Amino acid sequence: MRAVFSFILVILVAAAIATYSSFFIVQQTEQALVLRFGEPLRAPITTPGLNWKIPVVETVEFFDKRVLDLDSSPQELITSDQKRLVVDAFARWRISQALLFYQTVRDERIARQRLSNLLEGSLRRVLGSASFEDIVRDKREKLMGDIARQVNEEAKELGIAIIDVRIKRADLPEANSQAIYKRMQTDRQREAQEFRAQGEEAARKIRAEADRDVTVLKAKATRDGEKIRAEGDATRNRIFAEAFGRDPDFFAFYRSMQAYEQGLKSGDTRMLLTPESEFFRYFNDPSGKRAAPAQKGK
């Protein structure tokens, strides 16, 4: 009885395992290909859900249904105008025919290698026939479209569809970039020196004009000052002459007072004058009369 029970249990476990192995689930991001002894049995399953297969006899290969990215390694190429250029690009692709994809490349790792070779070859062909200005500025969008079409035509044989190809970076090699940078730096320095020289020339011209204007202004001011002083002196002399004509004694007294003020200032200058000198006549007599000379022999 126990042997019968064990046998039935083994049968049930085997049936459960067989039943479990007969079903598989296709996710929304996947597509499945059922193989019988390694050969495709039917069209790929692209609808998500539960599906069945014969255990042991049939196996299932799953492939991604989403859009995938492919980054190519930077490569150096020569443009049509003989300029070296380092290009870094990437592509977006998806598995469009799972059966053909399985028959040609089997898995994504091999597919990425094949696509990288196709992309690099197309980059060299398309960009090698274009000029440097077309690649970096004028026709970049058109060139990327041409690359995408070429890669797509070649990738169809692998069951792959190319969605888009983009150039991330297109620069000169490091050595060329440094040389161009140094040349640009030299050009900027030369322009700066020219600007400074022009500025110095303009500054010297402005200073020369300013110095000339200052000289002219000073000359005019000196001339006007001399003219005004001459007119003042003439007026003063006229006033003095009129004053002398009106009262000669007062004029002589006024002139003597001015002479006292100028000649008797404090300082190191010394004068030796006799008291009977003409200079001190208003000290001896307020009226300014000259003292009578002393008689000899008295």
Side-chain angles (χ1 to χ4, degrees), residues 27-31 33 44 46-48 62-191:
Q27 303 292 337
Q28 291 183 345
T29 60
E30 296 175 333
Q31 50 185 329
L33 186 63
T46 57
T47 304
F62 293 95
F63 303 98
D64 205 322
K65 196 167 58 175
R66 295 170 296 182
V67 176
L68 305 174
D69 293 331
L70 174 67
D71 281 325
S72 69
S73 58
Q75 55 180 320
E76 185 174 320
L77 52 87
I78 299 177
T79 61
S80 61
D81 48 0
Q82 302 303 310
K83 292 184 178 179
R84 305 178 72 87
L85 197 64
V86 176
V87 178
D88 188 5
F90 74 94
R92 301 176 64 200
W93 61 284
R94 64 182 180 85
I95 301 173
S96 59
Q97 302 179 49
L99 178 57
L100 182 58
F101 182 86
Y102 174 77
Q103 292 173 340
T104 53
V105 294
R106 295 281 176 166
D107 57 31
E108 285 189 21
R109 181 180 60 82
I110 300 176
R112 289 181 180 276
Q113 293 178 354
R114 297 282 296 274
L115 279 179
S116 295
N117 296 333
L118 295 178
L119 180 59
E120 291 177 3
S122 181
L123 283 171
R124 291 185 179 279
R125 287 193 301 271
V126 175
L127 300 184
S129 61
S131 65
F132 178 80
E133 288 77 11
D134 290 342
I135 296 173
V136 301
R137 185 185 59 192
D138 297 338
K139 299 180 180 180
R140 187 162 181 166
E141 190 71 25
K142 179 181 180 300
L143 294 174
M144 288 188 294
D146 294 341
I147 295 171
R149 282 190 293 272
Q150 285 190 13
V151 178
N152 195 37
E153 287 295 327
E154 296 174 346
K156 284 181 180 180
E157 300 177 356
L158 307 177
I160 295 173
I162 301 298
I163 307 300
D164 193 14
V165 173
R166 293 289 169 179
I167 297 175
K168 294 190 295 184
R169 183 175 64 93
D171 296 326
L172 294 172
E174 185 64 23
N176 293 8
S177 298
Q178 291 296 329
I180 292 175
Y181 172 76
K182 290 181 180 179
R183 186 172 70 246
M184 293 174 63
Q185 187 179 29
T186 302
D187 292 341
R188 299 293 87 78
Q189 291 176 349
R190 178 179 54 79
E191 291 180 1

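Source: prediction; values computed, not measured.
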Heavy-atom closest pair, residues [X] and [Y]:
{"X": "Val151", "Y": "Ser122", "result": "CG2-CB, 3.6 Å"}
{"X": "Ala89", "Y": "Ser72", "result": "O-OG, 2.8 Å"}
{"X": "Val105", "Y": "Ala111", "result": "CG2-CB, 4.0 Å"}
{"X": "Ile163", "Y": "Val67", "result": "CG1-CG1, 4.2 Å"}
{"X": "Leu33", "Y": "Ala98", "result": "CD2-O, 4.3 Å"}
{"X": "Leu85", "Y": "Ala170", "result": "CD1-C, 4.1 Å"}

From [X] [atom1] over to [Y] [atom2], what is the distance, rounded to the nearest 0.5 angstrom?
{"X": "Leu158", "Y": "Arg114", "atom1": "CG", "atom2": "CZ", "answer": "4.5 Å"}
{"X": "Arg66", "Y": "Arg94", "atom1": "CZ", "atom2": "CZ", "answer": "14.0 Å"}
{"X": "Ile135", "Y": "Ser80", "atom1": "CD1", "atom2": "OG", "answer": "7.0 Å"}
{"X": "Leu118", "Y": "Leu115", "atom1": "CG", "atom2": "CG", "answer": "6.0 Å"}

- Message: For Asp88 and Lys168: C-alpha separation, side-chain torsions, deciding distance, then whether salt bridge (charged side-chain N to carboxylate O under 4.0 Å, His left out) applies.
- Response: CA-CA 6 Å; Asp88 188 5; Lys168 294 190 295 184; 3.7 Å; yes
- Query: side-chain contact (heavy atoms from CB on, under 4.5 Å) with Glu153: which of Gln150, Glu157, Arg149, Lys156?
  - Reply: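 Between Glu153 and the candidates, side-chain contact (heavy atoms from CB on, under 4.5 Å) is satisfied uniquely by Lys156.
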Within a reach of under 6.0 Å around [atom1] of [X], are more than 12 heavy atoms found that belong to other residues, nucleotides or ligands?
{"X": "Arg140", "atom1": "CZ", "answer": "yes"}
{"X": "Arg92", "atom1": "CZ", "answer": "no"}
{"X": "Gln28", "atom1": "CD", "answer": "no"}
{"X": "Arg112", "atom1": "CZ", "answer": "yes"}

- Query: Please walk me through it: do Glu76 and Arg124 pass salt bridge (charged side-chain N to carboxylate O under 4.0 Å, His left out)?
  - Reply: CA-CA 9 Å; Glu76 185 174 320; Arg124 291 185 179 279; over 6 Å; no
- Query: Is a donor on one side and an acceptor on the other found under 3.5 Å between the side chain of Thr46 and the backbone of Gln31?
  - Reply: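 Between the backbone of Gln31 and the side chain of Thr46 there is no qualifying donor-acceptor contact (under 3.5 Å).
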- Message: I'd like to know if the side chain of Asp107 and the backbone of Ile110 have a donor-acceptor N/O pair within less than 3.5 Å.
- Response: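 Indeed, once roles are kept as given, a pair shorter than 3.5 Å links the two residues.
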- Item | Stepwise salt bridge (charged side-chain N to carboxylate O under 4.0 Å, His left out) check, Lys142 with Asp134 | CA-CA 9 Å; Lys142 179 181 180 300; Asp134 290 342; over 6 Å; no
- Message: Could you walk me through whether Leu119 and Ile162 satisfy the side chain to side chain contact (heavy atoms under 4.5 Å, CB included) test, starting with their C-alpha distance in whole Å, then the side-chain angles of each, then the deciding distance to 0.1 Å, before giving a yes or no?
- Response: CA-CA 10 Å; Leu119 180 59; Ile162 301 298; over 6 Å; no
Is any side-chain heavy atom of [Y] closer than 4.5 Å to one of [X]?
{"X": "Ile147", "Y": "Leu127", "value": "yes"}
{"X": "Glu133", "Y": "Lys83", "value": "yes"}
{"X": "Thr79", "Y": "Ser131", "value": "no"}

- Message: Closer than 4.0 angstrom, basic N to acidic O: yes or no for Arg125 and Glu120?
- Response: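 No, Arg125 and Glu120 are not salt-bridged.
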- Query: Considering residues at least two apart in sequence or located in another chain, which fulfil the side chain to side chain donor-acceptor pair (under 3.5 Å) criterion with Lys139?
  - Reply: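 Here no residue qualifies.
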- Message: Tell me which pairs pass ring pair (Phe, Tyr, Trp, His ring centres under 6.0 Å) where either residue lies in residues 76-102, with sequence neighbours left out.
- Response: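 Output for this query lists Phe63-Phe101.
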- I would like to know whether Ile167 and Leu143 meet side chain to side chain contact (heavy atoms under 4.5 Å, CB included); could you show each step before the answer? CA-CA 10 Å; Ile167 297 175; Leu143 294 174; 5.6 Å; no
- What residues, two or more places apart in sequence or in another chain, satisfy side-chain contact (heavy atoms from CB on, under 4.5 Å) together with Gln27?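 Result, side-chain contact (heavy atoms from CB on, under 4.5 Å) vs Gln27: Ile25, Thr29, Glu30.
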